[in-house]
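Have a look at the structure below, then the notes.
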Number of protein chains: 2
Amino acid sequence: MRLAELSDASGVSVATLKYYLREGLLHPGAVVSRTQADYDDTHVERVRLVRALSEVGGLPLATIARVLEVITTPGKEWLEVLEAAQRTLLKPVSDKGFGGAEGRGRARAWVAKRGWFVDPEDPFLDELDRAWAASDAGGIGFDEERLNRYADHVEGIAEVDIDTVPTEPEAAIRQVIIGTILVDPVLAALRRLAQQHVSNSVAGHH
Amino acid sequence: MRLAELSDASGVSVATLKYYLREGLLHPGAVVSRTQADYDDTHVERVRLVRALSEVGGLPLATIARVLEVITTPGKEWLEVLEAAQRTLLKPVSDKGFGGAEGRGRARAWVAKRGWFVDPEDPFLDELDRAWAASDAGGIGFDEERLNRYADHVEGIAEVDIDTVPTEPEAAIRQVIIGTILVDPVLAALRRLAQQHVSNSVAGHH
DNA sequence: TGACATGGGATAGTAACGCTCTCCAAACTA
DNA sequence: TAGTTTGGAGAGCGTTACTATCCCATGTCA
C-alpha cells in the first residue's frame with residue numbers, strides 16, 4: 001500500500017499522514033525504494049486510533065505520541081506501565097484554584113472517609129479536587145453526600161471496566177489506557193441521554 | 001472595584017480581563033469616568049465561572065460566550081432554553097467516521113431497544129455513535145451488553161442529576177448547563193479512582 | 001531512450017485560539 | 001503641577017494541527 005492508498009483507506013489526507021510520520025505518530029512503512037514505501041493494515045489501524053484519540057478523546061497529538069509509545073513498548077511490568085500511562089494521560093495541572101485556594105485536599109479526606117483503596121499520591125485525587133473546586137466556582141457546588149451518590153454508581157462502572165479487561169497483559173494495557181480515554185465520551189453521551197430519559201419519565205408520570 | 005482589583009480578586013491578569021471584556025465573556029463594569037469603571041462580585045463570579053468552564057470543562061471561549069448568553073437571558077421557555085443549550089454545547093460534528101462508515105445509527109437502535117424516552121433527533125445520539133465508533137477504532141469495541149451495563153449505572157447518575165435540579169427556573173437552567181459540563185470531569189476522576197479501588201480490592205482478596 | 005507524471009521527504013506557510021504587549025489620552029494622586 | 005495609573009484599542013506572539021510548495025529520484029509509457 002502506498003501513501004496515497006493509505007490516505008484513501010483511512011480518510012486522512014496525504015499531507016496529514018506525512019505530518020504524522022514526521023511526528024512519530026505513525027510508524028514508517030517498509031521502504032521499497034527511495035521514493036516508495038509500503039504500508040499495511042497496521043498503519044490503517046494506527047491512523048484510525050490516532051484520529052479517535054484526537055477527535056473524540058480530545059488528546060493533543062503530543063500526548064497521543066506518549067500514549068502510543070507506552071502501549072507499543074512490550075515487556076515491562078504491569079504496574080510500571082499503568083503508572084506511566086496515568087502520568088502520561090494527565091494534563092499538566094496548573095495548580096491554580098479559581099480565585100480562592102480553599103477546599104484543597106477535600107478529595108483525599110473524602111476518599112479516606114469512603115474507604116476507597118487508592119494511593120494517596122494518586123494524581124487523580126488532585127484532578128478530583130480541581131473538578132470539585134470548578135463546580136464550586138460554577139455556583140453549583142455539591143456536598144459529600146451528592147458525591148457519595150455519584151460514587152455509588154461510578155463504582156459499578158469501574159466494576160464493568162475491570163471485568164472486561166483481558167487477561168493477556170499486552171491487550172490489557174491497551175484496553176485500560178485506550179478504554180479509559182475513549183469510553184469517557186461514551187459515558188458522557190449516555191449521561192445526557194439518560195438525563196433526558198429520566199426527566200421525560202418523571203414528566204410522563206405527572 | 002477597579003480592574004486591577006478585580007484582577008487580584010480573581011487571580012486573572014488585567015490584560016486577560018480586558019480581553020474577556022472585549023470578547024463579551026465579562027459584562028462591562030459601571031462606568032465611573034472615562035478612565036475608571038466599577039466592578040463588583042458578579043464580575044468576580046463571572047470570571048471564576050469562565051475559568052472553570054475553560055480550564056476544567058475544556059470549552060473554547062467562543063462556546064463559553066454562547067453558554068453565558070443562554071444562562072443570562074431571562075424569561076424564555078424551559079425547553080427552548082435547554083434545547084439551545086444542548087446545541088450550544090455540541091462541538092460541530094465533523095461527520096467523518098474513522099475510515100469506515102459502518103455502524104452509523106447503532107445508537108438509535110440501541111436506545112430504542114432499551115426503551116429510553118429520548119428525542120430521535122437528539123444530537124447526543126450522534127455523539128454516542130461517534131464515541132462508540134471511536135472505541136471500535138481504538139480496538140476496544142464493545143457490544144450492546146456492555147453498553148447496557150454502563151447504562152444501568154449511568155441511569156443512577158442521571159437520577160442524582162435530576163434530583164438535585166432546583167425548582168426555580170433560572171437556577172435550574174444554570175445547574176443543568178453548568179452542571180452537565182463541570183460534573184463530567186468529576187465523574188471522570190471518580191471513575192479512575194474507583195478503577196483503582198476495585199482493582200486493588202480484587203487483588204487484595206487473592 | 002526519453003518525456004513526463006507521481007511519490008515521498010523537507011521546509012515553509014497558514015488558520016484558529018488564547019492570550020499578552022504597547023500605546024494613548026484622560027484622570028486620579030502627591 | 002508633575003507624575004503615575006487607568007481603561008480602552010490594536011497589533012503581536014506562542015502553540016497546535018495541519019496544509020502547501022518545492023525538489024528530485026523513480027516509475028511508466030511511448
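To find a chain, count down the sequence lines: A is the first, B the second, and so on, and within it residues start at 1.
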Between B/L6 (CG) and D/dG7 (C1'), how many Å, whole number? 13 Å
Just the rounded figure in Å: distance from P of D/dG7 to CG of B/L17. 10 Å
Taking the side chain of B/S33 as its heavy atoms from C-beta onward, which of C/dG8, C/dG9, C/dA27 lies nearest to it? C/dA27
Provide, to the nearest angstrom, the distance between the CD atom belonging to A/E55 and the C1' atom belonging to D/dT16. 15 Å
Of the nucleotides C/dG7, D/dC18, C/dC19, which one has an atom closest to the side chain of A/Q36? C/dG7
Could you state the atom-to-atom distance from CZ of B/R34 to P of D/dT6 in whole Å? 18 Å
Do B/R22 side-chain and C/dT20 base share a donor-acceptor contact under 3.5 Å? yes
On DNA chain D, compare the nucleotides closest to A/P60 and B/A4; which residue's is nearer the 5' end? B/A4
Answer yes or no: is there a donor N or O on one side and an acceptor on the other, between the side chain of A/D38 and the main chain of A/M1, under 3.5 Å? yes
Phosphate oxygens OP1/OP2 of D/dC18: is one of them under 4.0 Å from a side-chain N or O of A/Y20? yes
For B/D38 and D/dG8, what is the distance between atoms CG and P respectively, to the nearest whole Å? 12 Å
Sugar-phosphate only, base, or nothing, as touched by B/A37 at under 4.0 Å among non-hydrogen atoms: sugar-phosphate
By nearest atom, which of the nucleotides D/dT6, C/dA27, C/dG9 is closest to the B/R2 side chain? D/dT6
